[in-house]
Amino acid sequence: MKLTSIGAVGLMGGNIWSAEADLSLQNSKRLNPGISSFNMSGFAAPKIDEVRIGFIGLGMRGPGAVKRMSLIEGVSIKGLCDLREKSVLKSKELLKDTKHEPDLYYGSAYAWKEMVDRDDIDLIYIATPWDWHTPMAVYAMEAGKHVAVEVPAAKTIDEAWELVETSERTQKHCMMLENCCYDFFELLTLNMARQNYFGDIIHGEGAYIHNLLDLNFDKENGYQNMWRLEENATRNGNLYPTHGLGPVCQIMNINRGDQMDYLNSLSSADFDMQQRAKNRAKTDPFFSDYANKNFRGNINTTLIKTKKGRSIMVQHDVSSPRPYSRIHMISGTKAFAQKWPTPGKIAVNDIWLTDKEMSGVEDKYTPEIVKKVGKLAKKIGGHGGMDFIMDWRLIDCLRNGLPLDQDVYDAALWSAITPLSEYSVANRSNSVDVPDFTRGNWKTNEPVDIGLKGAGNTSVNFK
C-alpha cells in the first residue's frame, strides 16, 4: 500500500527532509500547543463485555494477531481486511473451527473504510505499512472505534498531534502495539522500579539492533512493494525507536511524572545498503533506482534528556551483521539491570546477583500479569509470548473498563523520536526540543499500573 494524499502534507512534509521542514519545526506552534481538550491519561472507557474487532493489514504481523485474539474470551472477530485477497483468505483459514465468522474486505486500497464504518465493531487493529497508521487510526476514532495500531503510530510531528487531538476529542483509546513493554524481563524490571528496587532511575538504554538487510531487499518474501526499503532509502535517523524506548519510558514514568526535554541524534555513514542496491542492480534493473539513493546510516544513536535530569540512549541498526539486541538497560542509585544481548541480569553495588539471588528476585518481583498468563503466553507464542500478553491485557482492560497501559500520548511521543532524530541528524546533531503531547499533564498523571486490580478475569480458550 502506498499513501498518496492522506496525511502526506504535514509539518515534516513526507519522507525527504527539507529546509522548509527545518523551519517549520523550529517555529511551529505545535511545540507549545496550549491546553488539552481532554486528558486521555488514565482514561477508562465504558466496559465492553464482547470486544468486536476488525483487522486491517494481514501481511507479516496481522495474521498472528488474528490467531491470538481468536483464543481470548470476550472477543468477536468481525472483519478481516487487506489489499490482497490471498492474505485475507489465509487469515480466515486461521479461524477455521472457531466461533469467528468475519466478513472479508480486499481488492482496494480503501476497502478498510467500509469495514471501519460498520456500527458493530468496537476495536480496529492496524498492522499495515507505516504510511497508513495515522490516517487509519484517525478515521477509526472519528468513526467511534478504539484503535490498536502497530509501531510506529505516526511518521511526522503533525501526525502525532493529529492522533492526540483526535483521541482527546472522540475519547477513544489509541494504543500503539508496543509489544516489548510486555516481554518478561521488561515487566520484571518495571515492577521492580515501581517498588523502588533501583532507587532513583538515572539512565536507561534501549535499541532495535536487528539485521534486516536481506529481508529489506527480498522482493518475494519481504515487505509489500518494498515499502520498508523505501523508508531506509529516504530517511536518516532512528526509524524504529519504540521497541527499546517504550519499556524505559514506562520505568522512568515518562508522560506520568517526568517528560522528555530535548534530544541529539547522530547517524553513521551507510556502509551496507547502497552497496547492496548497486550489486543487485547489476542483475536486476528493479534496483537501479535504489543504487543512486542515499540510504540512512548503519547505526543511529539518539540521546534524550528528561525534565528531571535523567538520560536515555536509543540506538537503531538494521543493516549491520550484529546479534539481535534491544539492550534494555536500567541504571539507578541502588541497582542496575540489563538484558540484551545476554539473558537478563541484575547487579547491586557493582556486583551481579548470583543465580540463586536472581531466582529470589524473580519470585518476589514477577508481576501479577506474568503470573496470570505468562506460562500460557509462552505456549501460544508471538515473540516468545509478549505479543499474547499484550493482546490479552488490551482485551482484559477493555472488558473491565480500565485504563490501558499505553495511551495516545505514549504513541505520539515514542513515535515522534523518529522525525526529531531526522532533524537533529540533518543539522550536525544539534539538539531539538521534544514536544509535550500531554500539554503539562505529565506533572500530575499517575504512573502505569500493571496490577490486576479490577481485572484479570478474561479467560483463554487454549489447550
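Worth knowing before you read on, the calculation uses all heavy atoms, side chains too, and leaves out hydrogens, waters and symmetry mates. All residue numbers refer to positions in the sequence shown, counting from 1.
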Side chain proximity check, [X] to [Y], heavy atoms < 4.5 angstrom:
X: Ile56; Y: Val116; result: yes
X: Pro63; Y: Lys90; result: no
X: Leu229; Y: Met273; result: yes
X: Trp130; Y: Pro152; result: yes

[Y] backbone acceptor or donor facing [X] side chain under 3.5 Å:
X: Thr189; Y: Glu186; answer: yes
X: Thr128; Y: Trp132; answer: no
X: Asp410; Y: Leu413; answer: no
X: Asp82; Y: Ser87; answer: no

(request) Report the residues that fulfil ring pair (Phe, Tyr, Trp, His ring centres under 6.0 Å) with Phe437, sequence neighbours left out, ordered by chain and then residue number. (result) Trp161
(request) List for me each residue that meets ring pair (Phe, Tyr, Trp, His ring centres under 6.0 Å) alongside Tyr324, sequence neighbours excluded, and say none if there are none. (result) His210, Trp340
Is the gap between the ring centers of [X] and [Y] under 6.0 Å?
X: Tyr182; Y: Phe388; result: no
X: Tyr208; Y: His243; result: yes
X: Tyr139; Y: Trp112; result: yes

(message) Once you measure the plane-to-plane angle for His146 and His173, does it fall in the parallel (<30°), tilted (30-60°) or perpendicular (>60°) bin?
(response) tilted
Is it true that [X] and [Y] have a side-chain N and a carboxylate O under 4.0 angstrom from each other?
X: Lys307; Y: Asp261; result: yes
X: Glu168; Y: Arg439; result: yes
X: Asp387; Y: Arg68; result: yes
X: Lys92; Y: Glu85; result: no
X: Lys113; Y: Asp117; result: no
X: Lys78; Y: Asp103; result: no
X: Glu231; Y: Arg235; result: yes

Does a donor on one side chain sit under 3.5 Å from an acceptor on the other, for [X] and [Y]?
X: Asp396; Y: Asn400; result: yes
X: Arg256; Y: Gln250; result: no
X: Asn441; Y: Ser36; result: yes
X: Ser70; Y: His100; result: no
X: Asn294; Y: Asp270; result: no
X: Thr438; Y: Asp436; result: yes
X: Asn300; Y: Asp317; result: no
X: Thr302; Y: Ser265; result: yes
X: Arg322; Y: Asn298; result: no
X: Asn236; Y: Ser267; result: yes
X: Ser431; Y: Asn264; result: no

If I compare all heavy atoms of [X] with all of [Y], which pair ends up nearest, and what's the gap?
X: Thr242; Y: Ser415; value: CG2-N, 4.2 Å
X: Leu420; Y: Asp433; value: CD2-O, 3.8 Å
X: Ile126; Y: Ala137; value: CD1-N, 3.6 Å
X: Gly384; Y: Phe184; value: O-CE1, 3.6 Å
X: Met390; Y: Met175; value: CG-CE, 3.9 Å
X: Ala111; Y: Tyr105; value: O-CD2, 4.0 Å

(request) List the steps and the verdict of side-chain contact (heavy atoms from CB on, under 4.5 Å) for Tyr223 and Leu212. (result) CA-CA 11 Å; Tyr223 299 97; Leu212 299 175; 4.1 Å; yes
Please round to the nearest 0.5 Å and tell me the distance separating atom [atom1] of [X] and atom [atom2] of [Y].
X: Lys172; Y: Phe43; atom1: NZ; atom2: CZ; answer: 7.5 Å
X: Ser76; Y: Asp122; atom1: OG; atom2: CG; answer: 9.0 Å
X: His316; Y: Asn232; atom1: NE2; atom2: CG; answer: 6.5 Å
X: Asp183; Y: His328; atom1: CG; atom2: NE2; answer: 9.0 Å
X: Lys308; Y: Asp258; atom1: NZ; atom2: CG; answer: 6.0 Å
X: Ile395; Y: Glu50; atom1: CD1; atom2: CD; answer: 10.5 Å

(message) Please identify which of these residues, Leu452, Leu402, Thr458, meets the side chain to side chain contact (heavy atoms under 4.5 Å, CB included) condition with Arg393.
(response) Leu452
(message) Under the criterion side-chain contact (heavy atoms from CB on, under 4.5 Å), I'd like the reasoning laid out for His383 against Met386: C-alpha separation, chi angles, the key distance, then a yes or no.
(response) CA-CA 6 Å; His383 291 94; Met386 62 183 179; 3.5 Å; yes
(message) Pair Glu205, Arg326 - check salt bridge (Lys or Arg N to Asp or Glu O under 4.0 Å), show working.
(response) CA-CA 9 Å; Glu205 297 183 8; Arg326 298 200 304 271; over 6 Å; no
(request) Show the numbers, then the answer: is there a side-chain contact (heavy atoms from CB on, under 4.5 Å) between Cys81 and Tyr106? (result) CA-CA 6 Å; Cys81 179; Tyr106 55 85; over 6 Å; no
(request) Start with the C-alpha distance between Gln338 and Ile327, add both sets of side-chain angles, then the distance that settles side-chain contact (heavy atoms from CB on, under 4.5 Å), and finish with yes or no. (result) CA-CA 7 Å; Gln338 183 164 341; Ile327 300 179; 4.3 Å; yes
(request) Quick one: do Lys155 and Asp131 satisfy salt bridge (Lys or Arg N to Asp or Glu O under 4.0 Å)? Show the steps, please. (result) CA-CA 7 Å; Lys155 287 181 61 177; Asp131 277 343; 2.5 Å; yes
(request) Show the numbers, then the answer: is there a ring pair (Phe, Tyr, Trp, His ring centres under 6.0 Å) between Phe217 and Tyr290? (result) CA-CA 10 Å; Phe217 281 92; Tyr290 290 103; 7.3 Å; no
